[in-house]
Amino acid sequence: MAGAIIENMSTKKLCIVGGILLVFQVIAFLVGGLIAPSPTTAVPYTSVKCIDVRKNHHKTKWLMPWGPNHCEKLKDFDEAVSRQIEANDIVFAVHIPLPSKEMSPWFQFMLFIIQLDIAFKMDNDLKENAEITLDVSLAYRDDMFDDWEEIAHAVEIRKLKCTFGSPKTLDSEGRHYDCDFLPFMEIGSVAHKYYLINIRLPVNERKGINVGIGEIKDIRLVGIHQNGGFTKVWFAMKTFLTPSILIIMVWYWRRITLMTRAPVLLEKVIFALGISMTFINIPVEWFSIGFDWTWMLLFGDIRQGIFYAMLLSFWIIFCGEHMMDQNERNRLSGYWKQVGPIAVGSFCLFIFDMCERGVQLKNPFYSIWTTEVGTELAMAFIIVAGICLCLYFLFLCFMVFQVFRNISGKQSSLPAMSKARRLHYEGLIFRFKFLMLITLACAAMTVIFFIVSQVTEGHWKWGDITIEVNSAFFTGIYGMWNLYVFALMFLYAPSHKNYGEDQSNGDLGVNSGEELQLTTTITHVDGPTEVYKLARKEAQE
């Protein structure tokens, strides 16, 4: 009878809490799907071929593709040949953004990829494993009449990956190769209104520089930046969620400090998870609107890495602390085998990120994937991190299996236990199953929405309503993990009520020689968690 009352009342109250969280979850998805635009925009650019014959006498080395001070242009390379203009005197110029537009700090970042239009010619064929050398410069200005200020200059090498679908005969001359897009540039802030890219293809036959790369007709760029409307919605969500998680954290830790015992390991890990979630939530991105903080992308990766490492560690410790007959518990050192792979994998991904985005802070044209050594190093870090992730999930699956095996054994012996011991184990079992259900639901939703966002066109139209799937994915999943952390701290906060000795021993019929094996060390006297309190309160009534 008591078990039925426990199950009904705890289920009813938890359903109310779950319903409230579900409403907020739906709102999070709708904010992205109905209010926010698409997260990013891709803008194609075609370079303009400028002549730089008198480059040593120019007042400025920057060549503009259009505008009042535009460069002397070439229509095509046939004109360059007829005018005896050398390849070293040709500059490919790209102005960002397109005419009559401005860039904005709300765009947050700029990512560029490059594609070369290469024509087949019998006497200038593209050799196998050809590499192209790019002499690239990037500048900015905030007024159309200001001088250009240099941001970066570098000489980069990219390996061409092209295929030719026709036989290489005289009849095929002039047809273009099908070349892959190549990584070109990434900047972690958009602090200025106008940007200018000048690309040179230096030729040196003696050193073999830019020899055997075919006949290049054009250079095309695709610029990708975050939409300003999505940025504003994203900042608003962060600004709203930060105080929400901070308030529940303060409430949660205050509940713990009111106890007569010291905090236990599970409580500390939940609090650490809340701190890592708050670290992601704090909207420091607001400062990027007024400051040129190019390190924001790297900082964002570090924040996410800390959260994911804490989340994975929490799942391991949560399962371990619910191993009901386990003797070694409430000590972090007891989980070194399971937490070790998380630390190693996180460290490998951090080093990889520093080798990529860390270097890009000085040289935005750098990519670790452009050289064989860099590619092998990057793959080594990713493979090690992948192995660690596989080991982690093996450990996690094994621990979940052990917990459910213990639960099955305890459920069969519950009727023979004293009332206090039975209530304790029923609380543990109910709490574990409830959180496992939430965890699986969150993980499943993350995977499902990620797949949907990849295979769809980016939006759905239902009559006059357009739903941005990618934006809904970002805001919905972000809100979901915030609600997950919120629910954890609410359900696992110790009760502020003090159950006296008469209740904990006399009323519940515990023999003086019988000890409660509280695997999470959250005792009845010091206060049960919210889930356990809901079950016990009704049973006592």
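Just so you know, these numbers use all the heavy atoms, side chains as well, and skip hydrogens, waters and symmetry mates. Note that the structure is predicted; figures quoted are calculated from it, not measured.
For OH of Tyr478, the number of neighbouring non-hydrogen atoms (other residues, nucleotides, ligands) closer than 6.0 Å is greater than 12.
Looking at Gln25, its side chain does come within 3.5 Å of a backbone N or O of Gly476 through a donor-acceptor pair. Counting only distance, with no hydrogens or angles, the side chain of Ser346 and the backbone of Ala343 share no donor-acceptor pair below 3.5 Å. Put simply, the side chain of Thr40 never gets that close to the backbone of His225: no donor and acceptor are under 3.5 Å apart. Put simply, the side chain of Thr242 never gets that close to the backbone of Thr239: no donor and acceptor are under 3.5 Å apart. When atom types are taken as modelled, the side chain of Lys362 and the backbone of Ala152 share no donor-acceptor pair closer than 3.5 angstrom. Not a single donor-acceptor pair under 3.5 Å links the side chain of Glu186 to the backbone N or O of Leu111. Of the possible polar contacts, one joining the Ser471 side chain to the Pro37 backbone as a donor-acceptor pair under 3.5 Å is found.
Under the 30°/60° scheme for interplanar angles, the aromatic rings of Tyr252 and Phe271 are found to lie parallel. Ring planes of Phe230 and Trp234: parallel class, angle under 30° (limits at 30 and 60°). Between Trp106 and Phe235, the ring planes lie tilted relative to each other; the angle falls in the 30° to 60° range. Using cut-offs of 30° and 60° on the angle between ring planes, the pair Tyr140 and His192 is parallel.
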Could you check Ile96 against Phe112 for side chain to side chain contact (heavy atoms under 4.5 Å, CB included), going step by step and ending with a plain yes or no?
CA-CA 11 Å; Ile96 304 165; Phe112 282 85; 3.1 Å; yes
Run the side chain to side chain contact (heavy atoms under 4.5 Å, CB included) test on Leu273 and Met277 for me, step by step, so that the C-alpha distance in whole Å, both residues' side-chain angles and the decisive distance to 0.1 Å come before the verdict.
CA-CA 6 Å; Leu273 185 62; Met277 190 77 256; 5.8 Å; no
Walk me through it: do Gln338 and Leu396 pass the test side chain to side chain contact (heavy atoms under 4.5 Å, CB included)?
CA-CA 8 Å; Gln338 295 87 351; Leu396 182 63; over 6 Å; no
One pair to check against side chain to side chain contact (heavy atoms under 4.5 Å, CB included): Glu156 and Asn363. What are the steps and the verdict?
CA-CA 10 Å; Glu156 294 292 326; Asn363 178 14; 2.8 Å; yes
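Here the straight-line distance linking atom CD1 of Ile248 with atom OG of Ser244 works out to 9.5 Å at 0.5 Å rounding. Ile187 contributes atom CD1, which lies 14.0 Å from atom CZ of Phe107 (distance to the nearest 0.5 angstrom). Of the inter-residue distances, the one linking Leu246 atom CG with Ile282 atom CD1 reads 6.5 Å to the nearest 0.5 angstrom. In this structure, Gln360 CD and Met354 CE are separated by 11.5 Å, a value rounded to the nearest 0.5 Å. In this structure, OG1 in Thr41 is found 10.0 Å from CD1 in Ile224, a value given to the nearest 0.5 Å. The OH atom of Tyr335 sits 9.0 Å away from the SG atom of Cys319 when rounded to the nearest 0.5 Å.
Looking only at atom types and distance, the side chain of Ser38 has no donor-acceptor partner in the side chain of Asn470 under 3.5 Å away.
Annotation: side chain of Ile280 is in contact with side chain of Lys238 (closest heavy-atom distance under 4.5 Å). Side-chain contact between Ser367 and Glu356 is present, with at least one heavy-atom pair separated by less than 4.5 Å. Under the 4.5 Å side-chain criterion, counting only non-hydrogen atoms from C-beta, Phe109 is in contact with Gln226.
Taking the six-membered ring wherever Trp is involved, the centroid distance between the rings of Tyr484 and Trp481 falls below 6.0 Å. Between Phe299 and Phe279, the ring centre distance stays below 6.0 Å.
Considering Thr475, Ile477, Leu34 in turn, Ile477 is the only one that fulfils the side-chain contact (heavy atoms from CB on, under 4.5 Å) rule with Phe29.
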